Amino acid sequence: MTCKPQLMSKFMSGLTIALGGGAGFVAINLYKGNEKFYNSFVMPILHATVDGESSHRLAINMAKYSFLPNFSSKTSEHKNLKSSLWTLEFNHPIGLAAGFDKDGEAVPGLAKLGFSFVEVGSVTPNPQSGNEKPRVFRLKEDEAIINRYGFNSSGHEAVRENLTKSLSNLKPTVVGINLGKNKTSTDSIGDYVKGLEVFGNSKFVDYFVINISSPNTPGLRDIQLKDTLDPFLDGILNAKAKLNITKPLLVKISPDLNDSERKDIAQMMIKPRLSGQKIDGLVVTNTTISRPPSLKSCHSSESGGLSGQPLKNLSTQMIRDMYCLTKGSIPIIGVGGVADGQDAYEKLRAGASLIQLYTALAYRGPSLVSTIVNDLSQLISDDGFSSIEEIIGIDAKQTTK
Ligand SMILES: Cc1cc2nc3c(=O)[nH]c(=O)nc-3n(C[C@H](O)[C@H](O)[C@H](O)COP(=O)(O)O)c2cc1C
């Protein structure tokens, strides 16, 4: 399938007329995050005129310079969504997935959108530019994205400085750091340990994610295989013990693992280790390299990781599997295709304790988190529950009976 060239000039002139005709009206609606205005005006124009990577950069800059609407008070008022996990408090379970704020430039602005936690990264030890452009593709008809960024990162030191600069006055949300490895590095364990060394004692970081599931760094996903994973986890956890780091450490896994690989991973995650340390959680899942036959977009054969709607059920099934295989003993952050309250509800019921999203934000605009949080709170109380703790894994438990 090939894509027709976009009618850039037509849309640009439309945009110019619209902006010229009512700049004030536009600015007010942008700033207030008017849902209808974003969905029927801003997002379609943005998608027709600006490529995926440029609109990603634009969104980061808007968050960085605080030109985004503030939904944070609206999203923190639902008592039935509050939870504590590890030693952290969450106003509600919806967080921003890794890959959006790769360099930790915009956490306060993103917290304004209502996310109860923001995962920064993936961050590599040394700066690297990632793959050649174009490397981000919108699959509009499928409400999906394919990306092959390949860990473009400013590197540990720059990201540490960004976090210090932006969070010194006020840290408005829980912050995770997602660690990756440099493309040319031959010492995988060493790269992740460097991340623990740099961010381990940062007061701006609350939890760590070891990302071994990005499809865009050659060989990375092989670390998930049993014989490599076991010594790999020992290496990471020994270093964590030596560095005296007590913050939670999670592992992010791929949706493309087969049944026996899922079993192996579950076993590795709950296995007692000599260091006395353990893996504190799983992030389920990263993007998929599979291409469901249902995909309609002309970009569907681009290489890279697929995210968004086509990933949703694959990721929910994997959450259910990992919850059952670990007997609910290890918290799961569920991520993949969440775009509304019902999607989030299903992932919690499948076994996730927290939820993340990314792709839906690119399609549904800045009021998304607030809408999901409202709807989720309503769904939970409509079903007669008074807290999210009561629903975590209830569908998975029913499946195993
Ligand atoms: C453009 C893009 C870049 C991403 N970069 C990263 C990354 O650097 N590290 C990572 O762990 N996941 C990355 N992800 C994966 C997301 O964190 C998430 O696991 C995946 O997109 C599924 O969630 P979604 O369907 O809500 O987008 C990226 C996703 C997208 C769309």
Side-chain angles (χ1 to χ4, degrees), residues 51-57 59-60 94-104 110 115 117-124 128 130-131 133-139 142-154 159 176-183 192 195 207-217 220-221 223-224 250-256 282-290 292 299 302 304-316 318-319 332-340 343-344 347 352 354-364 368-369 372:
D51 68 78
E53 182 159 353
S54 304
S55 56
H56 179 193
R57 189 62 239 167
I60 288 290
I94 311 296
L96 179 61
F100 193 85
D101 189 4
K102 283 178 181 278
D103 289 334
L110 295 166
F115 288 109
F117 62 113
V118 171
E119 194 170 304
V120 166
S122 294
V123 191
T124 56
Q128 63 174 35
N131 292 327
K133 294 178 186 175
R135 49 194 182 174
V136 185
F137 304 88
R138 286 193 207 99
L139 281 66
D142 306 295
E143 213 175 307
I145 290 175
I146 291 176
N147 92 84
R148 49 170 183 267
Y149 266 120
F151 285 168
N152 50 323
S153 171
S154 299
V159 173
I177 276 277
N178 179 307
L179 300 172
K181 70 177 273 291
N182 278 117
K183 186 177 178 181
Y192 293 98
Y207 73 90
F208 293 94
V209 175
I210 304 293
N211 176 13
I212 47 173
S213 48
S214 166
N216 303 312
T217 295
L220 188 80
R221 301 190 339 156
I223 300 174
Q224 296 173 109
L250 292 78
V251 176
K252 184 164 181 178
I253 57 177
S254 155
D256 302 326
L282 284 170
V283 183
V284 184
T285 67
N286 214 313
T287 55
T288 176
I289 56 165
S290 70
H299 290 302
E302 291 291 345
L306 173 72
S307 57
Q309 286 305 296
L311 174 62
K312 182 167 73 183
N313 293 341
L314 193 60
S315 120
T316 307
M318 178 119 183
I319 292 166
I332 292 172
I333 299 182
V335 49
V338 172
D340 59 30
D343 296 340
K347 279 193 163 45
L354 294 168
I355 303 292
Q356 288 176 333
L357 60 86
Y358 180 158
T359 301
L361 192 63
Y363 285 99
R364 305 206 178 188
L368 178 68
V369 183
I372 292 181

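Remember, it's 1-based here, ligands and their atoms both numbered in the order they're listed. Predicted, not measured: the structure shown is a model, and the values here were computed from it.
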Heavy-atom nearest neighbour in the protein, as seen from atom 8 (O) of ligand 1, with distance rounded to 0.1 Å = Lys102 NZ, 2.9 Å

In terms of residue, atom name and distance, what is the protein heavy atom nearest to atom 23 (O) of ligand 1?
-> Val335 CG2, 3.3 Å

Pick whichever of Asn286, Thr359, Thr287, Leu311 has a heavy atom sitting closest to atom 22 (C) of ligand 1.
-> Leu311

So which protein heavy atom does atom 6 (C) of ligand 1 come closest to, and at what separation?
-> Gly99 CA, 3.4 Å

In terms of side-chain heavy atoms, does Asn313 have a donor or acceptor partner in Ser315 at a distance below 3.5 Å?
-> no

At their closest point, which heavy atom of Ala339 faces which heavy atom of Gln309, and how far apart are they?
-> CB-NE2, 3.4 Å

Is it true that Gly337 lies under 4.0 Å from ligand 1, counting heavy atoms only?
-> yes

Honestly, for Lys252 the part within reach of ligand 1 (heavy atoms, under 4.0 Å) is side chain

How far apart are the closest heavy atoms of Ser122 and Asn211, and which atoms are they?
-> OG-ND2, 3.0 Å

Does Thr285 have a heavy atom less than 4.0 Å from any atom of ligand 1?
-> yes

Sub-4.0 Å heavy-atom approach of Ala360 to ligand 1 = no

Output the distance between atom CG (Asn152) and atom NZ (Lys102), rounded to the nearest 0.5 Å.
-> 5.0 Å

Please name the pair of heavy atoms, one in Lys252 and one in Ala98, separated by the smallest distance, quoted to 0.1 Å.
-> NZ-CB, 4.2 Å

With heavy atoms and a 4.0 Å threshold, my read on which part of Lys312 contacts ligand 1 is neither

Dump the intermediate steps for side-chain contact (heavy atoms from CB on, under 4.5 Å) on Phe151 and Lys183, then the final yes or no.
-> CA-CA 8 Å; Phe151 285 168; Lys183 186 177 178 181; over 6 Å; no

Measure the distance from atom 14 (N) of ligand 1 to every protein heavy atom, then report the residue, atom name and distance (to 0.1 Å) of the closest one.
-> Ala98 O, 3.4 Å

Please state which part of Asn211 comes within less than 4.0 Å of ligand 1, counting heavy atoms only: side chain, backbone, both or neither.
-> side chain

Less than 4.0 Å between a side-chain N and a carboxylate O, is that true for Asp256 and Arg221?
-> yes

Nearest protein heavy-atom contact for atom 21 (O) of ligand 1: which residue, which atom, what distance?
-> Ser307 CB, 3.2 Å

Shortest non-hydrogen contact from Ile289 to Pro215?
-> CG2-CB, 3.4 Å

State whether a side-chain donor-acceptor pair under 3.5 Å links Lys347 with Thr316.
-> yes

Does ligand 1 have a heavy atom under 4.0 Å from the side chain of Phe100, from its backbone, from both, or from neither?
-> neither

